[in-house]
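Single-structure report; data block below.
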Amino acid sequence: MASTPPHCSITANKRNQNHQKRCRRWTNHNVSLAKPPLPSSPHNAPKPGASTAATTNAQNQPFPSLATLQSQKSQLAADFSGRRRFVSKLHIGRPKSTLSIRHTLVAEEALQHVVLYGKDDQTLENVLLNFESRLCSSDDYTFLLRKLGDRGDSSKAIRCFEFAMRREKRKNEQGKLASAMISTLGRLGKVELAEAVFETALREGYGNTVYTFSALISAYGKSGYWNDAFKVFYSMEAYGLKPNLVSYNAVIDACAIGGVEFKKAVEIFDEMFKNGVQPDLITFNSLLSVCSRGGQWEAARNLFTELINRGIDLDIFTYNTIVDAFCKAGQMDAALEIISEMPGKNVLPNVVTYSTMVRGYGKAGRLDEALNLFNKMKFLGLSLDLISYNTLVSAFAMLGRFEEAWDVCKEMENSGIRKDVATYNALLGGYGKQRMYDEVREVFKEMKEACISPNLLTYSTLIDVYSKGGLYEEAMEIFREFEKAGLKADVVLYTALIDTMCKNGLVESAVTLLDEMTKEGIRPNVVTYNSIIDAFGLSAITQHVVDDAGEASEFQVKSSSSSVVQEATESRVTDREDDRIIKIFGKLAAEKASQENNCGRQELLCILGVFQKMRELEIKPNVVTFSSILNACSRCDSFEDASILLEELQLFDNQVYGVAHGLLMGYRENVWVQAQSLFDEVKLMDFSTASAFYNALTDMLWHYGQKRGALLVVLEGKRRQVWENVWSDSCLDLHLMSSGAARAMVHAWLLNIRSIVFDGHKLPKLLSILTGWGKHSKVVGHSALRRAVEALLTSMGAPFQLARCNLGRFISRGSVVAAWLRESGTLKVLVLHDDRTPPENVRVDQVSNLQMLPL
DNA sequence: GTAGGGTTAG
């Protein structure tokens, strides 16, 4: 048994909030969490522009260890408090004193000519030859290739670089050109080319500078290859190079983009101090960005507050990053508050700030507020750009409001901005979500006609949309096209493939693919694992290999020593290699998988292996993981198997385990306080995550006969508005509930109605129970929820009937229900009991929810 | 060398 959960898991959800707070409460890490003695109130906090004395005073305060912003202690916390190393407003956040313009006017003229006339290699060469005598130094050439990079024209930039390199014999000038080239390629995401330039530079003896190394770190970082960025960074010493501020900032930024843990970024930050390199505002902005991208808005807020308290002048980047951190966590009010403080700090919100907010509101489903801000942006005369338009297109498309999405597109194009790949991806994703496949095809066609190249996201979206919709032929076709485009599959694409396999019962194939991606150096994430865990018990995992020895086992055997997707995606792909992943789609299309027999024990072993790997890779589970484990428990063949899964849950998170296990064993009174604090945590999450957790927990309790426990949980959920408006006197709406939760709720509602009757009140004329199509129902008319509720009502003898015009609705006349409720035997069928109760049982529940129920 | 857009689990 694990003594302490390895990490704070429930909070790892990207939508999740309160990370730090929960970590502290849920785990007993011996980390000092005391707030550092800092000036926190406005009157004693040094302000921007405060006197030197005030600043000095601030300097003498121990700077907060960044350890207080995370759950692990930063080793160099003590060093960080040193006066010498204090980062004051005197040192950072100042604009560069002079904007150094190093290139000549000739370079600008040359750029115009290169853009206008350098249509191919030859004409470009001619243009450069014309300017050669007048272009002075490497500064002119670096200007050229940076500007070409800004225009996205990497090939012209490379030509210019090569042209310049042929003429430059001085090593240090060659080094400058190489750095500029690497950085330009990095910005454009051409990381392999950047790598090649770097290697040549090293080999030829002009690349051994802190600039080329920093440029390569940055190039890797921008493309998400934080691991490579780290390697280059740590190799500097061996080359006799000392990382400078830029190197450190680049590597911290690589953490932000690559989703590296805040802890790691802080380690680098501490190292920076140790090596006597002073951070600047960019360092802090990047650190903030690490928190923001990791969903750790509280850590971000703490860091932000410290910077403010230290009197450091923050810039628009700082503000936009903190606003983004709040928006990502759904903390829209906090974000708005930050924005309202900006003018007072002489930093005005810009188009980035507003777009961030628009996206935040869109994600939170607060489309009206999103629109208001969008219009405010226009009103303020901020010039709207592609991203701000795309943000709004995406918000509409995701909600299925396509007419409005297209209107925004039109408005954008009227203002001279053309749709780009992101615009199309937003539309494709929206139509895909609504299963509007004709429109998906149409938009994809239009995209190609407009000569917009699909990117990895386009392909991931399409493959996912088509394969989830069962359109395997089309998924296959898109996959082939993706291969031809020479793109490298990433975690999202793999996860989408894995999820499709899981949903079709090919769990073992999915696990094999999981191993493959790991070998490929693509790190699975919590979504990948949740997808597999969630598939547990849905169907057999081994049978199909036997049944289908030809295709499936060939895939599985071979894939253990080679990578399916990688082989298939290599440019020299042969038909045979390509065949394998295509065969998976073929197999899916044949729909054999889901008809296989269950093989519970083997599947259990398989899933235990998955948990093991998850721990080895240190993938933090989140609340979705817990819901998936609880759902898996409900699908176990036996209580014993479920116990084994619950033990896994315990290894992840003691509190969730404590509540689930306690309720399952009938120890309600003992766990209810713990359960309340768990529910407090869950309630902070977005609506669908929270309701999924309640559904999973209730289903498991119901499944194992703890029906009174299930009732308790759904009433708590109702009290906390987990399912929004579940009931009125005349209507019970179950459409967001799982079958166990819905059945428990039917009991609760009928008991409630019964008390109305017994209080002498009349029931409404018509009573309805809505089941919708059920949360898990994919096929209209086959609602598992509807069937479960129907069976329950029948077994109780409740006088409800399916409405003729609405197959998801049960109805009855109020008077008929009232008469039934008055019958002597009715109460007995309504009151629920637990199969398991603790031996020393317990008096009447003292929980308020139960007081309303007749006992 | 720093900020905003699109993708995967429930």
Side-chain angles (χ1 to χ4, degrees), chain A residues 13 183 186 211 214-215 217-218 221-222 244-254 256 280-289 292 315-325 327 350-360 362 385-395 397-398 420-430 432 455-465 468 490-500 502-503 524-535 622-628 631 685-686 688-693 695-696 738 775-776:
Chain A
N13 191 316
S183 123
Y211 300 101
S214 300
I217 293 167
S218 172
K222 283 203 159 49
N244 64 11
L245 176 63
V246 175
S247 330
Y248 278 107
N249 284 354
V251 80
I252 290 173
D253 201 51
D280 65 358
L281 188 55
I282 292 178
T283 322
F284 287 111
N285 289 346
S286 294
L287 271 174
L288 260 186
S289 181
S292 169
D315 64 6
I316 186 71
F317 288 86
T318 326
Y319 281 102
N320 286 344
T321 308
I322 188 75
V323 166
D324 190 40
C327 287
N350 65 7
V351 66
V352 176
T353 327
Y354 281 102
S355 305
T356 307
M357 290 295 289
V358 168
R359 175 167 160 70
D385 62 4
L386 180 60
I387 294 182
S388 40
Y389 279 113
N390 280 350
T391 305
L392 202 61
V393 172
S394 166
M398 284 304 139
D420 77 340
V421 61
T423 325
Y424 283 107
N425 287 349
L427 292 166
L428 289 170
N455 62 11
L456 181 57
L457 280 150
T458 322
Y459 289 118
S460 299
T461 305
L462 288 175
I463 290 171
D464 185 56
V465 160
K468 292 268 161 60
D490 70 348
V491 60
V492 175
L493 183 52
Y494 269 104
T495 301
L497 286 172
I498 285 173
D499 190 53
T500 296
C502 286
K503 294 242 180 337
N525 60 24
V526 68
V527 180
T528 324
Y529 281 97
N530 288 349
S531 184
I532 295 177
I533 296 167
D534 204 61
N622 59 20
V623 70
V624 179
T625 320
F626 305 146
S627 302
S628 300
N631 282 329
M685 306 186 177
D686 67 287
S688 66
T689 303
S691 59
F693 181 78
N695 282 337
S738 61
K775 188 169 171 296
H776 305 291

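From a predicted model like this one, the values you see are computed outputs, not experimental measurements.
For A:Lys503, whose side chain is taken as the heavy atoms from C-beta onward, the closest listed nucleotide among B:dA9, B:dT7, B:dT2 is B:dA9. In the set B:dA3, B:dT7, B:dT2, B:dT7 carries the atom at the smallest distance from any side-chain atom of A:Met398. For A:Thr495, taking side-chain heavy atoms from C-beta onward, the closest of the listed nucleotides B:dT2, B:dT8, B:dT7 is B:dT8. For A:Ser388, the listed nucleotide lying nearest its side chain is B:dG4; candidates were B:dT2, B:dT8, B:dG4. Comparing B:dT7, B:dT2, B:dT8 by their nearest atom to the side chain of A:Asp499 picks out B:dT8. The side chain of A:Val624 has B:dA9 as its nearest neighbour among B:dT2, B:dG4, B:dA9. Comparing B:dT8, B:dT2, B:dT7 by their nearest atom to the side chain of A:Leu457 picks out B:dT7. When the nucleotides B:dA3, B:dG4, B:dT8 are ranked by their closest atom to the side chain of A:Val492, B:dT8 comes out on top. Distances were taken from every side-chain heavy atom of A:Phe317 (C-beta onward) to each of B:dT8, B:dT7, B:dA3; the shortest belongs to B:dA3. Nearest to the side chain of A:Ile387, among B:dT7, B:dA9, B:dG4, sits B:dG4.
A:Thr528 and A:Asn525 form a side-chain donor-acceptor contact under 3.5 Å, judged by distance and modelled atom types alone.
A:Thr321 comes within 4.0 angstrom of sugar-phosphate atoms only, judged by non-hydrogen atoms across all strands, and of no base. Residue contacts for A:Ser355: at a heavy-atom cut-off of 4.0 Å it reaches a base atom on one of the strands shown. Counting any heavy atom pair closer than 4.0 Å across all strands shown, A:Val251 reaches no nucleic acid atom. Counting non-hydrogen atoms under 4.0 angstrom, A:Ala422 reaches a base of the nucleic acid. Here A:Ser214 lies out of heavy-atom contact (under 4.0 Å) with every strand. Residue contacts shown for A:Val358 are absent, as no nucleic acid heavy atom lies under 4.0 Å away. Looking at heavy-atom distances under 4.0 Å, A:Thr391 makes contact with sugar-phosphate atoms alone, never a base.
At the phosphate of B:dT8, neither OP1 nor OP2 sits under 4.0 Å from any side-chain N or O atom of A:Lys468.
With sequence neighbours left out, A:Tyr424 forms a ring-ring contact (aromatic ring centres under 6.0 Å, His included) with no residue at all. Annotation: salt bridge (Lys or Arg N to Asp or Glu O under 4.0 Å) contacts of A:Lys222 (sequence neighbours excluded): none.
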*Show your working on side chain to side chain donor-acceptor pair (under 3.5 Å) between A:Thr461 and A:Asp464 and close with a plain yes or no.*
CA-CA 5 Å; A:Thr461 305; A:Asp464 185 56; over 6 Å; no

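Each of A:Val624, A:Ile533, A:Thr625, A:Thr495 was scored for a side chain to side chain contact (heavy atoms under 4.5 Å, CB included) with A:Val526, with one residue passing: A:Thr625.
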